[in-house]
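Please read these numbers as outputs of a predicted model, since none were measured by experiment. Sequence lines set the chain letters: A, B, ... in the order given, protein chains first and strands last, and positions in each chain run from 1.
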Amino acid sequence: MIIATWNVNSLKARLTHVIDWLGEAEPDIVLLQELKLETDRFPAAEIEAAGYHAVAHGQKTYNGVAILARAPIRDVTRGLPGFDDDQARWIEGTVALGDRDIRVASLYLPNGQSVTSEKFPYKLRFLDAFEAHARAMLADATRPAVIGGDFNIAPEAVDLYDPKGWAGDVLFHPEERRRYRAVLHQGWTDAFRALHTEAGRYSWWDYRAGMWQKDHGLRIDHLLLSPEAADRLEASDIDRSPRGREKASDHTPVWVRLADSMPAGAPYGPPEEIAEAAAG
DNA sequence: ATGGCGATGGATCATCGA
């Protein structure tokens, strides 16, 4: 199954691009950010006509997140648990995945604006709450989980076109990178980075100053896999083609492909059982 | 080079994004 994340920068302005991409990439689950519309303005009919169920958590003008899925989406939570927030930045739900369910979340992490802005401590507070909830999601060992979204964090120097120029600025600030790494250390896997070591692979390019044409971008959109999901990791990549279209979002989709079932013969279980299996 | 571009709401620009 294919799970994708995409900050569309207005679902209304990008609806044709989204519908087209659903047809081309045939993802099973899509996590959208920056809908920029109220929940009751969500284009449910168009999405349904494309073959997808959808749940959304929106608001006027800003933010807004959604989950699209070929299968029904159950047990939906709107808003990041444990974080009192009037901004629509988190939605999670459960979708059937092959031989068992998967828990997925769509995240639009605050940008922070600048280090001196009051929005930067808001970003760090959000990250603290995200860290706590990500840990709680891992504690639910009954099903694999995937968190996808616009994290507004470039994790490492290879993820920016000009790391020296961005050093200490929002999106590449040590305080946010430290918190992002703390989440990875809980046991989450950055799907794209697990399969690609090369520098210069980006998911966002500023509209201004010809950044797209110069390929000056940042990798700030991520798919985090719980250990059970990471065990099923088959492929992950960034699809640059939507960014090159007319009237494109400034972000482009990132996707991961997971095996529908656990690989046969994989050495899962306690060490003594693995040793027994190896001994025949 | 703190500009550049694009979307929104409600206006003929201000605000925000990253």
Check: Base, sugar-phosphate, or nothing for A:Lys123, non-hydrogen atoms under 4.0 angstrom?
Finding: nothing
Check: Residues two or more places apart in sequence or in another chain: which of them pass side-chain hydrogen bond (donor to acceptor under 3.5 Å, both in side chains) with A:Ser117?
Finding: A:Gln113
Margin query: What residues from residues 198-215 of chain A pass a heavy-atom cutoff of under 4.0 Å to DNA chain B?
Written below: A:Trp204, A:Tyr207, A:Arg208, A:Ala209
Note to self: Using a 4.0 Å cut-off on heavy atoms, which residues in residues 158-184 of chain A reach DNA chain B? List them by number, or say none.
What the structure shows: A:Leu171
Item checked: Aromatic contact, A:Trp6 with A:Trp21 (centres under 6.0 Å) -> yes
Notebook entry, point to check: Just checking A:His251: base, sugar-phosphate only, or nothing, at a heavy-atom cut-off of under 4.0 Å?
Noted result: sugar-phosphate
Notebook entry, point to check: Do A:Tyr161 and A:Tyr202 have ring centroids that are under 6.0 Å from one another?
Noted result: no
Checklist line | Integer angstrom distance from the P of B:dA18 to that of B:dT8 | finding: 14 Å
Item checked: ring-ring contact (aromatic ring centres under 6.0 Å, His included) partners of A:Phe172, counting only residues at least two apart -> none
Note to self: Under the rule for salt bridge (Lys or Arg N to Asp or Glu O under 4.0 Å), what residues qualify as partners of A:Arg41, not counting sequence neighbours?
What the structure shows: none
Checklist line | Mutual orientation of the aromatic rings belonging to A:His196 and A:Phe192 [parallel < 30°, tilted 30-60°, perpendicular > 60°] | finding: parallel
Next item on the list: Apply salt bridge (Lys or Arg N to Asp or Glu O under 4.0 Å) to A:Asp162 and list each qualifying residue two or more places apart in sequence or on a separate chain.
Entry: none
Note to self: Can you confirm whether A:Glu48 is buried at CD, in the sense that more than 12 heavy atoms of other residues, nucleotides or ligands lie under 6.0 Å from that atom?
What the structure shows: no
Check: Quantified in whole Å, what is the P atom distance between nucleotide B:dG4 and nucleotide B:dA14?
Finding: 13 Å
Distance-only donor-acceptor hits, side chain of residues 213-220 of chain A, under 3.5 Å, sequence neighbours excluded:
residue: A:Lys214; atom: NZ; partner: A:Ala209; partner atom: O; Å: 3.1
residue: A:Asp215; atom: OD1; partner: A:Trp205; partner atom: NE1; Å: 2.9
residue: A:Asp215; atom: OD1; partner: A:Arg240; partner atom: NH1; Å: 3.3
residue: A:Arg219; atom: NE; partner: A:Asp159; partner atom: OD1; Å: 2.7
residue: A:Arg219; atom: NH1; partner: A:Asp190; partner atom: OD1; Å: 3.4
residue: A:Arg219; atom: NH1; partner: A:Asp190; partner atom: OD2; Å: 3.2
residue: A:Arg219; atom: NH1; partner: A:His222; partner atom: ND1; Å: 3.4
residue: A:Arg219; atom: NH2; partner: A:Asp159; partner atom: OD1; Å: 3.4
residue: A:Arg219; atom: NH2; partner: A:Asp190; partner atom: OD2; Å: 3.0

Notebook entry, point to check: Taking for each residue the nucleotide of DNA chain B with the nearest heavy atom, is it A:Lys119 or A:Leu11 whose nucleotide lies nearer the 5' end?
Noted result: A:Leu11
Check: What does A:Leu218 touch in the nucleic acid at a heavy-atom separation under 4.0 angstrom: a base, only the sugar-phosphate, or nothing?
Finding: nothing
Next item on the list: List for me each residue that meets ring-ring contact (aromatic ring centres under 6.0 Å, His included) alongside A:Tyr62, sequence neighbours excluded, and say none if there are none.
Entry: none
Next item on the list: Pick base, sugar-phosphate or nothing for A:Asn111, based on heavy-atom distances below 4.0 Å to the nucleic acid.
Entry: base
Check: Given the side-chain rings of A:Trp166 and A:His173, with only the six-membered ring counted for Trp, is the space between their centroids under 6.0 Å?
Finding: no
Checklist line | Near-strand residues of residues 59-67 of chain A, defined as heavy-atom separation under 4.0 angstrom from DNA chain B | finding: A:Lys60, A:Thr61, A:Tyr62
Item checked: Pairwise C1' distance, B:dA1 and B:dC13 [rounded to whole Å] -> 24 Å
Margin query: Using a heavy-atom cut-off of 4.0 Å across all strands, would you classify A:Phe151 as base, sugar-phosphate, or nothing?
Written below: nothing
Item checked: Results of salt bridge (Lys or Arg N to Asp or Glu O under 4.0 Å) for A:Asp169 - residues two or more places apart only -> none
Check: Mapping A:Asn7 and A:Arg14 onto DNA chain B by nearest heavy atom, which one lands closer to the 5' end?
Finding: A:Arg14
Item checked: Contact interval (first through last nucleotide) of DNA chain B with protein chain A, 4.0 Å heavy-atom -> B:dG4 to B:dA18
Checklist line | For A:Arg74, salt bridge (Lys or Arg N to Asp or Glu O under 4.0 Å) partners two or more places apart | finding: A:Asp101
